[in-house]
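One structure is given below, encoded as structure tokens.
Here the structure is a predicted model, which means the values were calculated and not measured. We're numbering straight along the sequence, starting at 1.
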Amino acid sequence: MLPQYDIIVVGAGHAGCEAAAAAANMGSKVLLITMDLTKTGQMSCNPAIGGIAKGQIVREIDALGGYSGIVTDRSMIQFRMLNQSKGPAMWSPRAQCDRFQFTRTWRDVLEQIPNLDFWQDMVSELLFESDRLVGVKTRQGIPFHSKAVILTNGTFLNGVMHVGKSKVKGGRDSEPPAMGLTEQLFQLGFTTGRMKTGTPARIDGRSIDFTKLQEQKGDEGRAHFSYLPGTRPDVAQRSCWIAHTNTDVHDSLRIGFMDSPLFNGDIQGIGPRYCPSIEDKVVTFADKNSHQLFLEPEGHDTIEYYLNGFSSSLPWDVQLRSLQRIPGFENVRIFRPGYAIEYDFFDPTQLKATLETKLCENLYFAGQINGTTGYEEAGAQGIMAGINAHLKVQGKEAFTLGRSEAYIGVLIDDLITKGVDEPYRMFTSRAEYRILLRQDNADYRLTERSYKIGLASEERYRIMREKYEWVDRLIEKLKTFSIKPEFINPLLEKLGTSPVKQRTRLYDIILRPQVSIHDLKEIEGPVEKMLSFDHPSAGEILEAAEISIKYSGYIDREKQIADKIKRLEHIKIHSDFDYQSLHSLSTEARQKLTKIKPASIGQASRISGVSPSDINVLLVFLGR
């Protein structure tokens with residue numbers, strides 16, 4: 001007799017791994033079903049985690065008690081903090097990973113979770129009893145029963161891969177598609193569509209002339225995503241390399257356009273605007289003579305490379321001929337050509353903020369099935385779906401994050417409120433409160449909340465509290481410690497800022513944009529001693545203190561704005577509210593509100609087509 005599960009997670013990509021881990025660690029009995037257990041947490045596209053806004057998401061997943069940051073740290077071969085020339089709200093960590101080690105580490109992490117079982121098969125059907133979801137059935141005809149199901153199917157739902165005129169059914173290179181679920185969900189009333197993404201050729205590093213490329217090394221010093229200590233192994237970093245296309249490359253690519261599935265109508269799905277194929281770039285930016293490419297190592301000990309910026313679905317021979325026109329690639333050999341893939345997704349406005357579907361109770365969607373793109377966006381949805389499925393099964397209150405609390409909150413609110421008309425990718429510009437949502441303070445924002453619902457561990461919570469106690473003590477010391485002009489002025493003059501004429505608090509010195517808290521370590525004696533303390537997170541403590549001091553005015557002002565807007569989130573709207581009866585609303589507002597069924601006035605105000613006057617009508621009707 002097969003066991004009864006609390007939650008079944010379908011798919012072991014980034015969303016599925018985080019969902020299964022979160023639910024199981026919170027105490028649910030979980031079954032993770034995937035077509036190939038050796039591909040657990042597979043990096044299907046580029047071998048990297050993080051980047052602009054995406055790095056913030058990974059740190060938020062880690063702060064909640066997820067594993068993306070830990071797995072990244074354990075498989076990392078290069079680390080860079082992007083945007084350091086800008087303010088800390090824009091800093092974004094990014095890591096190159098050993099793609100093979102990444103998958104092995106995810107598998108190892110999941111196998112250490114006692115409440116988590118595995119099954120290798122394809123899920124082809126959802127099981128119902130009297131309209132109640134009770135589990136799934138696999139391609140082999142085996143039924144598994146559960147109280148909730150989380151679908152994280154990635155690009156596998158009716159997936160089709162394109163290379164020139166060649167079309168092959170599959171969810172990833174050499175892997176079959178998932179069939180049956182889309183058709184069943186469509187019959188249940190779900191709105192579905194097609195999207196497209198792509199990946200470049202994989203390069204044989206032995207065939208590259210690296211002397212013609214520009215080396216891009218990783219950062220020295222801090223190199224980790226997770227807030228937990230000791231997650232980063234002591235291995236040498238590998239460099240990436242920068243190359244450039246030219247007009248010869250572009251002319252070679254154009255020769256294949258007549259056989260391009262992007263241009264001949266074979267591909268109907270919508271592609272990602274912010275990660276276009278090379279043929280898209282040649283057409284869209286016809287005035288550009290060159291495009292930058294990044295050659296990224298696939299692992300620590302492999303000769304295989306990923307050519308970031310050269311995704312393509314052109315015929316394989318056109319891809320190879322065009323690659324050979326890139327300086328340094330004259331003798332290039334490839335392991336396989338790039339390809340595009342089309343797959344099914346479901347309109348995310350059909351979801352609640354918990355990622356439970358509105359049409360089917362106890363059914364959750366996470367990842368690319370919701371129209372997103374990227375490992376990080378998928379992992380964020382996965383951990384939230386896993387948390388909420390567990391809480392629902394246990395009869396507990398849902399767990400959601402607001403737009404002023406996390407990039408994860410921005411992501412989910414954008415999906416369920418605005419929907420998608422192209423693969424959704426997170427950017428810092430999507431967040432109104434990015435000064436609050438920095439990568440350095442994700443633990444401060446989220447770990448306590450996660451600890452209270454039973455996901456973040458006691459150890460993680462203790463580490464967070466201790467860290468910020470150190471930060472608070474350090475800030476107080478800097479507020480009370482005054483320094484004489486003769487000790488501080490030589491440093492100030494060296495840094496190009498005006499000297500002081502009397503004793504001045506170190507706190508006020510750090511407020512100067514030219515002065516870093518690390519600069520003050522040059523002052524021998526009590527100042528150096530104060531700032532050179534022994535703590536495993538000493539660097540993060542100094543950074544957190546400096547950001548709090550330098551940006552205190554901006555942070556306070558953004559908190560005040562967020563608090564005002566948050567009041568609208570507390571004005572709830574019942575799910576069966578009859579908008580059609582309010583004739584004072586515009587016709588478009590009635591249609592959009594009826595379709596999306598916002599949970600609050602705040603969410604209603606962010607729906608495209610709902611005007612401020614429509615919101616005023618709702619507020620009057622609700623007695624506000």
How far does [atom1] of [X] sit from [atom2] of [Y], to the nearest 0.5 angstrom?
| X | Y | atom1 | atom2 | value |
| --- | --- | --- | --- | --- |
| F128 | S130 | CZ | OG | 12.0 Å |
| S404 | K566 | OG | NZ | 4.0 Å |
| Y306 | E296 | OH | CD | 7.0 Å |

Taking atom types as modelled, is there a side-chain donor on [X] or [Y] under 3.5 Å from an acceptor on the other?
| X | Y | value |
| --- | --- | --- |
| S92 | Q439 | no |
| E183 | N158 | yes |
| D413 | Q603 | no |
| N370 | Y424 | no |
| S611 | D614 | yes |
| N388 | T354 | no |
| E376 | S68 | no |
| D347 | T349 | yes |
| Y579 | Q591 | no |
| E569 | S600 | yes |
| S226 | D62 | yes |
| K392 | N362 | yes |

Start with the C-alpha distance between K597 and D576, add both sets of side-chain angles, then the distance that settles salt bridge (charged side-chain N to carboxylate O under 4.0 Å, His left out), and finish with yes or no. CA-CA 8 Å; K597 295 182 173 59; D576 61 0; over 6 Å; no
Any Lys/Arg nitrogen of [X] or [Y] sitting under 4.0 Å from an Asp/Glu carboxylate oxygen of the other?
| X | Y | answer |
| --- | --- | --- |
| E405 | R449 | yes |
| D117 | K29 | yes |
| R403 | D414 | yes |
| E361 | K147 | no |

Any donor-acceptor N/O pair, [X] side chain to [Y] backbone, under 3.5 Å:
| X | Y | result |
| --- | --- | --- |
| T103 | F100 | no |
| S450 | L446 | no |
| T34 | L37 | no |
| R107 | T40 | no |

Partner of L185 under side-chain contact (heavy atoms from CB on, under 4.5 Å), picked from T357, D344, L151, is L151
Please name all residues satisfying side-chain contact (heavy atoms from CB on, under 4.5 Å) with D36, sequence neighbours left out, ordered by chain then number. T38, K39, Q120
What do you reckon, are the aromatic ring centroids of Y67 and H14 less than 6.0 Å apart? no
Under 6.0 Å from the six-membered ring centre of Y343 and within 45° of its axis: does the NZ or CZ of R172 meet both? no
Within 45° of the ring axis of Y227 and under 6.0 Å from its six-membered ring centre, is that where the NZ or CZ of R59 lies? yes
